[in-house]
There are 4 protein chains.
Amino acid sequence: MAKGVNKVLLLGNVGKDPEIRSTAGGTIVASFSLATADRQKDQQGNWQDKTEWHNLVAFSRTAEIVRDYVKKGTQLYIEGKIQTRSWDDKESGQKKYKTEILVNELTLLGGAPGGRSEGGSGGYSKSSTASFDQRTPSSQPDYADQGITDDDIPF
Amino acid sequence: MAKGVNKVLLLGNVGKDPEIRSTAGGTIVASFSLATADRQKDQQGNWQDKTEWHNLVAFSRTAEIVRDYVKKGTQLYIEGKIQTRSWDDKESGQKKYKTEILVNELTLLGGAPGGRSEGGSGGYSKSSTASFDQRTPSSQPDYADQGITDDDIPF
Amino acid sequence: MAKGVNKVLLLGNVGKDPEIRSTAGGTIVASFSLATADRQKDQQGNWQDKTEWHNLVAFSRTAEIVRDYVKKGTQLYIEGKIQTRSWDDKESGQKKYKTEILVNELTLLGGAPGGRSEGGSGGYSKSSTASFDQRTPSSQPDYADQGITDDDIPF
Amino acid sequence: MAKGVNKVLLLGNVGKDPEIRSTAGGTIVASFSLATADRQKDQQGNWQDKTEWHNLVAFSRTAEIVRDYVKKGTQLYIEGKIQTRSWDDKESGQKKYKTEILVNELTLLGGAPGGRSEGGSGGYSKSSTASFDQRTPSSQPDYADQGITDDDIPF
DNA sequence: TTTT
DNA sequence: TTTT
């Protein structure tokens, strides 16, 4: 029986090809960003588009679905929970925080140019080595860097 | 018509008395933290309680309700959206991020020791000047510090 | 300030072209059905698809969006609330109930064959006169039949 | 992987003591009604309270929690999905429909007069034989009446 | 009645 | 970094 509620619902487009890793214990981990577009009125009463970026993480079976079906541009509906991880930045000595959405459920909506029906055709690679999230500086909380073990997997 | 979905649902207890401020334009702003309790199985299969803390912010009418009815310990259900603000830390020169929940709707559930019907009796102060969230270091993004103007209010 | 929560989130496909009407007071009303697909394990442990049908109703601005962009097959995400209307069946004298989702927010996801960019091409009519929902017998609760006035519009 | 979304979130108070039954296969079934209060403006611009009643059903472990902790007046937050069952009314020969919320998750909020900490003291009985929902006429879809077998349990 |  |  739940004691509280911590639920997030997002519908938007994936910013980059997901990054797939494994923990020492063999659990698959998928990380990716999702953009949600918002239409809101500005001070002048004009409608403005505003994009909010979210950091998402998925484990195990959900991570496999992400690995197999999700890429840059994919339109996605997800349900998850908010989690904030913290760590000590080695450089500055400051405590740092990263808020992520742990994805529990996921519905593919297609919608991407060259979308999921594309079949992995040329000029496209899932094993992108490009840095996934430029917002996070060098001292970012990488699961590996933090010596994440399977104790940290939330189930 | 919405172009995406960015929705958060939280049910939990308020960590401290909310902090109430105003923008230069006179918009009331309420900031507070909310703890959501989670029960999940650990590696040994035992149920573990885990608390997740969320930073919430409310504006205008919703902020007034927070000011008038919400305090430390209040049990609350809220709906809102995720927003991440960023700023340059003056000390370290690093870019910093703070993820907050912008509260749109709020349902009071009572449940606080000496709850909302108490009427602000002794030993208790809403105008707490104590640092609101110890997790955030000295270089935290204060709306005032960042020269927040009414252009930043999201409506 | 809300006193309770009554929220519905649906993502699925529209079953028929929406039916558009107006109240005596000129409020536009859109009615349509939405199918949500579910995948669940049966007794033998096999995955089974199951479709659930929902009756949706939208008013005013939201109804205009439905009228202009939604048709048979459109993939849609909606937020709304559950409402059950009741009336006395003239034939049987029994009290009858119809549960509907009052749509507050709506996100178009395209996805229909000959989707929303089609532009109303041939063999297609919004002003379908076909009975909208066969599940409801002749004594159905039609807004007009019930002498719905603008007092009944929930805002 | 989900193919659609069918999600309901309710926060309100239980109308009567839940009705507890078992299927032939031994699955526990709990049925109860939940009232959600809404505050909305009427035509004159005055705030009006409006109560919406929902029929809820829970199975297995969730039904046990309902049996053990939920009674008339209990304040509850639930998550579930909408399901409409249909059957042929033996009397009138008409097809009838009943929309229910299948409860997946449940958070107790207490709040009831003589609430969940009461311990089942006198003058109070969970095994109420009183008709559960007066809105439903004599030809209501009872799980037993319909010869519900364990094939009908949705998992 | 939808859709994949 | 996405998308329309």
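Being a predicted model, the structure only gives us computed values, none of them experimental. Reminder, nothing fancy here: chain letters follow the sequence lines and each chain counts from 1. Atoms considered below: every heavy atom in the structure, side chains included; atoms not considered: hydrogens, waters and symmetry mates.
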Roughly, in whole Å, what's the span from [atom1] in [X] to [atom2] in [N]?
| X | N | atom1 | atom2 | value |
| --- | --- | --- | --- | --- |
| C/Leu76 | E/dT2 | CG | P | 16 Å |
| C/Phe32 | E/dT1 | CZ | P | 19 Å |
| C/Leu109 | E/dT2 | CG | C1' | 14 Å |
| C/Tyr69 | F/dT4 | OH | P | 16 Å |
| C/Asn13 | E/dT1 | CG | P | 16 Å |
| A/Leu108 | F/dT2 | CG | C1' | 15 Å |
| C/Leu10 | E/dT1 | CG | C1' | 16 Å |
| C/Asp17 | E/dT3 | CG | P | 11 Å |

Check this for me, if you would: do [X] and [Y] make a salt bridge, where the nitrogen-to-carboxylate-oxygen distance has to be below 4.0 angstrom?
| X | Y | value |
| --- | --- | --- |
| D/Glu79 | D/Lys7 | yes |
| A/Asp17 | A/Lys72 | no |
| D/Lys95 | D/Asp89 | no |

Self-check item: A/Lys72 (side chain) and F/dT2 (base): donor-acceptor pair under 3.5 Å
Solution: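 Result: no qualifying N/O pair found.
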Quiz item: Hey, does the side chain of C/Asn55 reach the backbone of C/Ser33 with a donor-acceptor pair shorter than 3.5 angstrom?
Solution: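 Pair absent, no side-chain N/O of C/Asn55 close to backbone of C/Ser33.
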Quiz prompt | Face-to-face stacking of C/Trp53 with E/dT2, centres under 5.5 angstrom, angle under 30° | solution =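 Here the ring of C/Trp53 and the base of E/dT2 are not stacked, as the 5.5 Å and 30° limits are not both satisfied.
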Quiz item: If you look at every strand shown and take non-hydrogen atoms under 4.0 Å, does A/Thr51 touch a base, only sugar-phosphate, or nothing?
Solution: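 If one applies the 4.0 Å heavy-atom cut-off, A/Thr51 turns out to touch a base.
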Residue [X], side-chain heavy atoms: nucleotide from [options] that is nearest:
| X | options | result |
| --- | --- | --- |
| A/Lys16 | F/dT2, F/dT1, E/dT2 | F/dT1 |
| B/Lys3 | F/dT4, F/dT3, E/dT4 | F/dT4 |
| C/Ser33 | F/dT3, E/dT2, E/dT1 | E/dT1 |

Quiz prompt | Sole residue of C/Lys16, C/Arg21, C/Glu100 in side-chain hydrogen bond (donor to acceptor under 3.5 Å, both in side chains) with C/Ser31 | solution =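 Among C/Lys16, C/Arg21, C/Glu100, the one that satisfies the side-chain hydrogen bond (donor to acceptor under 3.5 Å, both in side chains) with C/Ser31 is C/Arg21.
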